[in-house]
Each structure stands twice: as C-alpha cells, then as structure tokens.
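Before any comments, here is the structure.
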Amino acid sequence: MRISTDGPSGGTSGAVLARRSVVAGAVGNFIEWYEFGVYAYFATTIAANFFTPQGGGAAEALVRTYASFALAFFFRPVGALLLGRVGDRYGRRPALVAAVLTMTAATTAIGLLPTYATVGAVAPWLLTALRIVQGLSAGGEFGGAVALMTESAPPGKRGVYGAWQSLTVAFGLLGGAAAATLVTSALTESQVAAWGWRLPFLAALPMGLGALWLRLRLTESPAFVRAARADRVRVRVRVAPGASGTSTAGQAVPGPAAAGESVSARTVCAVVVGCGRLMAWSAAGYTFLVVLPTYLQQTVGRSAQQALLATVVANLGFAAAIVPAGALSDRLGRRPVMATGAVLAALSALPLLHVVQDPGAPVWLTCGAVALAGALVGLSAGPGPAMLAEMFPTQARHTGLGVAYALANAIFSGCAGLLITELVRRTGNPDVPAYYVVVTCAVGALALAISRDDGHRRALRD
C-alpha cells in the first residue's frame, strides 16, 4: 500500500475535509446515475436508432437495448476490481479521478455516435463498446466514493455520510429525468428521434469537468493514510520476504503470501454475503426507478411524459427516505432499517403496481403509489453504503465493497430490464415486475435477518 496524499490540506479542519469528501465523492456518482437514467429514459429511442435493422420489431429492439444495458453491468465488477486495487494501493483519490474521466468521456461519446441508418451493424457494436467502458468506470466509482465518505465520517455518522452516496443516485436519476423531460417537451417527436436524444448525453461533458476539478483537490482519507503507514511499519520489521519471518523481537510475522491469502479469503466471503444483503436494494431499485418509464410506455400504454412524471415522483420518494434512513441506522443498526424496507417492498409490490396499471386511478393515488415504492427502496439505500464499508478492512475496502455492490447490481439490477421486458413479451403478464420484486426482496430480507448487526457501534477496521 502506497500513500498518495497530494492535494491541498494545510490547516483545514477535519469537519471541512469530511464535507469536501462527501461532495467530491458524490458528484461523480451523480454523473454515473444521470447517464444510466438517461439511457433508460431514452431506451425506446435508442432501440429505434441502434438496434432496429430494416424489418426488425420494436419489442425485439428494446430487448437488445436492455441486453446492452445489462452487459455494461457485468463489466462493473471488473472495473471495481481494477480501480479498487488502485484505490487500495495508491489511494482513493487517483482511482476516483480515473473513474470520472472515463465515465465522462464514454458518455459524451455516446452522444456523438452514428446510428444504424448511417453505419449499419457497426452502430450497435460501437454503443455496446462505450457501455462497457461506462461499466468499468462505474464499477470503480462506488467503492472509492463510499470508502472516502465513510472513512472521513465523524464517529457515529457513517450511516448519514454513506447515505449521501445513495442520495446522489436519486439526484442523478432525477437529473436524467429532467433532461429527458426538457428535451421531449421542447422538441417534436421526430426531432427527439433524429438528434434530440443526444443532448442529455453531451451535457455530461461540462458536469464531468466540474467533478474532475473537485476530485483533483481531494486529500486522502485518514483511515487510508493510517493503514498505509502501518503497512510500511510491518514491512520494515520483517527479516525476509518468505512465507513467514521473524521480527526483531523474536515473534513470528506473517509473510506477504500468507497475509494476502488470509485477507483474500475473508474478502471473498464478505463479498458474497454483501451481495445477498444488497439484493432487495438492487432489484427493487432498478425495477421502480429505472425500468418503470419504459414499462409504462411499452406495457401499460402511457405517454412518454406520463412515464417520466411517474419516474420523477418515484425518485422524489426515494430521495426523501435515504438520509433519514441512514441516520436511523446510526442509532438502531443497519439490519433493522434495511430489512424493514425489503419486507415492505415485497408485501406492497403487487398492490402498488396494480394502482399504476389502472387507467382510471386518480393522479394523486398513482403518484402516491410510485412515491411509496421509491421510499421503500430508500430504506435500504440509506444504510447500505455504511453497512458495506463496515464489512471490509481499509486495505481491501475499496475493492471489497465495490465488487460486492457491482456484482449485486450486475445480477439483480442490470438484468432487471432485460428479464422483465422479455418475460412480459413472452407471457403477456403485466405483473412480472411485481413478481420480480417480491422474490428478490424476500430473499434479501432473509440474508439481512441472519447478518451481524453491530457494525454501526464499532470503528472501521484499519
């Protein structure tokens, strides 16, 4: 582990540095989820422009669009592993700088891509390649941001500080919805289909440059600096770099290989457990917050404006619950808050979906249903980042929590749109999204119920 502490520090107080860490960590996450939201909101337009050859069907093109969406998610664990190793060895700052650079470049490039009508079958391959780059950068983003935020948090505040990472998910999705609403309201349908869809992707460039400026001014978290210095001390007291050695005090000191194997085994186990605990958050979050607009248009028959309005309301409910849930978890523990959200989501998924499907339902009732669905996801998303950070030691925290989150999202989020769209198409059953939420939330609640729940009382492990 090498210390990378460059960046302004001076005599800045710990509270100011903690706030800077929250802002700099959150801003890159905002851009990531802004882009993923924009891609989901314009899924039908992207399908028509990139995945519909002459004679192709709209439903088939949409499935292909979601397949590209899912593919990017399956590259997120790779990005979490690669950038996580950078973050755990050289510092959170260089990894976060690399993540925001690659995400901004790939998102901007999507806005410049030629369509199927221009370059033929090359177009979907180019789009998929850029989605893979986004997946790699997004995979490293979460682990670095959460590690930085929670390691910089004052005692007893990790839940609140980590919740800001989840809050920027809501802000990013709301930003994407706002951009999509602005474009679809200001332009005609033909203009949106021809070139208007590109504008929200191009808007990522100035946002990314602002995020880069903030991250270049970061200093390393105190926990990483402590762990890096301790690692240097351990290296100095070893006599030889074999499997084991003897310290100057005559005590056995584990060699690099043995220590690495022990940390790897614990990390892999924690990653698997973390995936289970995140299942409800990942599956319900993507179903209610990202897949919803396309589902409402393709299956329920709502207009694009109605679908976007429902998504905005759902994300407002999501955002409203996140920070209070994080704060509550600092007092009660992560498990009871997250498990409550999972159980309530499983019980209410089908009734809430039926309200949304009903064309005669009052507007206030429909808005209340989607807002409640978003709030239930927020109960898991608020404590979730702190819970993951508490599962890993500092020297493996960026990699471990990043891979756990990325794997959970790849399996339960990235496949949500593809699975739901394909099952609805094959079965004709409009209740498929609710069944998906019920099953995943029930299993996720069980994983949370059997988990240890004193992490909020303990200091992070260096």
(message) Applying side-chain contact (heavy atoms from CB on, under 4.5 Å) to L202 and T108, what does each step give before you reach the verdict?
(response) CA-CA 5 Å; L202 296 175; T108 304; 4.2 Å; yes
When rounded to the nearest 0.5 angstrom, what distance separates [atom1] in [X] from [atom2] in [Y]?
X	Y	atom1	atom2	answer
F74	I411	CZ	CD1	6.5 Å
Y435	T427	OH	OG1	9.5 Å
M391	R277	CE	CZ	4.0 Å
R85	L83	CZ	CG	12.0 Å
E35	Q134	CD	CD	3.5 Å
F224	R89	CZ	CZ	9.5 Å

(message) For E189, I'd like to know if atom CD has over 12 heavy atoms of other residues, nucleotides or ligands within 6.0 Å.
(response)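 Check fails, neighbour count at 12 or below.
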(request) Could you tell me whether W125 atom CH2 has more than 12 heavy atoms of other residues or ligands within 6.0 Å of it? (result) no
Main chain of [Y], side chain of [X]: is a donor-acceptor contact present, judged purely on distance under 3.5 Å?
X	Y	answer
R93	L218	yes
T184	T181	yes
H398	G140	yes
Y90	A95	no
R198	L113	yes
T440	V437	yes
T104	L101	no
N29	T168	no

(request) Decide side-chain contact (heavy atoms from CB on, under 4.5 Å) for V22 and Y161; before the verdict, give the C-alpha distance in whole Å, the side-chain angles of both, and the deciding distance to 0.1 Å. (result) CA-CA 7 Å; V22 169; Y161 271 61; 3.4 Å; yes
(message) Just by distance, no angles: are the side chains of R334 and S329 close enough, under 3.5 Å, to form a donor-acceptor pair?
(response)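 Note: R334 and S329 side chains meet the donor-acceptor criterion.
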(request) Please check if any side-chain donor atom of R397 sits under 3.5 Å from a side-chain acceptor atom of T394, or the reverse. (result)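 R397 vs T394: donor-acceptor pair found between side chains.
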(request) Please find out if less than 6.0 Å separates the ring center of Y286 from that of W33. (result)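 Under 6.0 Å, so yes.
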What's the shortest heavy-atom distance between [X] and [Y], and which atoms?
X	Y	answer
G144	L96	C-CD2, 3.7 Å
A193	T45	CA-CG2, 3.9 Å
N429	V424	O-CG2, 3.6 Å
N49	T115	O-CB, 3.4 Å
P200	F42	CG-CE1, 3.8 Å
G378	P383	O-CD, 4.4 Å

Do [X] and [Y] come close enough that some side-chain heavy atom pair is under 4.5 Å?
X	Y	answer
P94	E220	yes
L388	V146	no
W164	I322	no
Y405	L401	no
V356	V370	yes
M387	L278	yes
L376	F288	no
Y39	L127	yes

(message) Please determine whether a side-chain nitrogen of the Lys or Arg among R76 and E141 lies less than 4.0 Å from a carboxylate oxygen of the Asp or Glu.
(response) no
(message) Using the rule given for side-chain contact (heavy atoms from CB on, under 4.5 Å), can you reason through L407 versus V271, listing the C-alpha separation, both sets of side-chain angles and the distance that settles it, and then say yes or no?
(response) CA-CA 9 Å; L407 278 175; V271 164; 3.9 Å; yes
(message) Considering only residues two or more places apart or on different chains, which pairs with a residue in residues 432-445 satisfy salt bridge (Lys or Arg N to Asp or Glu O under 4.0 Å)?
(response) none
(message) Going by ring-ring contact (aromatic ring centres under 6.0 Å, His included), name the pairs with one or both residues in residues 351-371, residues two or more places apart or in two chains.
(response) none
(request) Check the angle between the aromatic planes of Y34 and F30 and answer parallel, tilted or perpendicular using the 30° and 60° thresholds. (result) parallel
(request) Go through the steps for T399 and F392 under the test side-chain contact (heavy atoms from CB on, under 4.5 Å), then give the verdict. (result) CA-CA 9 Å; T399 304; F392 300 93; over 6 Å; no
